Amino acid sequence: MYYKGIALCICPILNYCCHCGEKVVFRVPEGDNLPRYLCEACGAIHYLNPRLIVGTLPEWEDRILLCKRAIEPRRGFWTLPAGFMENGETAEQAALRETLEEANARVELSGLFTLLSVPHVDQVHLFYRAQLLDLDFSAGPESLEVALFKEADIPWKDLAFRTVSTTLQHYLKDRSSGNFVFRTGELKVHG
Ligand SMILES: [Zn+2]
């Protein structure tokens, strides 16, 4: 994957040892039960674990803020503001940062709403409910457009990711019942 001509590596494959530079092999280490990337030159074991994608569902009265993606994957499709959590930050900080970066929007978090495992791509997606603090939002560098949508106007066929559509479906259901409930679940590969 490329962004502005720079290769973005998010692939779960390791070729070389980051300790000694030798090629690694992929096998089950002694005392373990899953294959890992092993360096037979220096003995290092390189563990690769799922990534966290963290975002918000920003609300303003009866409307929800969505961003049209300016980058791949799913360029041109609508999403909730979200992105990869960085080392050294909390999940809440990641949610606020991504909302600011993608939508130039300031929000107040009001609790974790969905935690969705996506094991076939080794990801976990977390979305917080959030209240927009003002209407002074705009498209950040990773967005083509940012807009508020009423329920009837949500572009369901043009949503970028199933974790986003699932989160929106839970939100709208809970909003109509007046009782928001934290949801956790798993998204499987399309059949
Ligand atoms: Zn090594």
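Counting begins at 1 with the first residue of the sequence. Counting convention: from 1, in listed order, for ligands and their atoms alike. Just so we're clear, the structure is a prediction, and the values are computed from it rather than from any experiment.
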Please name the pair of heavy atoms, one in Ala82 and one in Glu102, separated by the smallest distance, quoted to 0.1 Å. O-OE2, 2.8 Å
All side-chain contact (heavy atoms from CB on, under 4.5 Å) counterparts of Arg63, not counting sequence neighbours: Trp60, Leu148, Lys150
Have a look at Ile64 and tell me which of Leu132, Leu80, Asp153 forms a side-chain contact (heavy atoms from CB on, under 4.5 Å) with it. Leu80
Within rounding of 10°, what is the angle whose vertex is the Zn ion (ligand 1) and whose arms end at SG of Cys17 and SG of Cys20? 110°
May I ask you to decide if the ring planes of Tyr171 and Phe113 are parallel, tilted or perpendicular, using 30° and 60° as cut-offs? perpendicular
If I take every N, O or S atom of His19, is at least one of them less than 2.8 Å from the Zn ion (ligand 1)? no
Quick check: does Cys39 put an N/O/S atom under 2.8 Å from the Zn ion (ligand 1)? yes
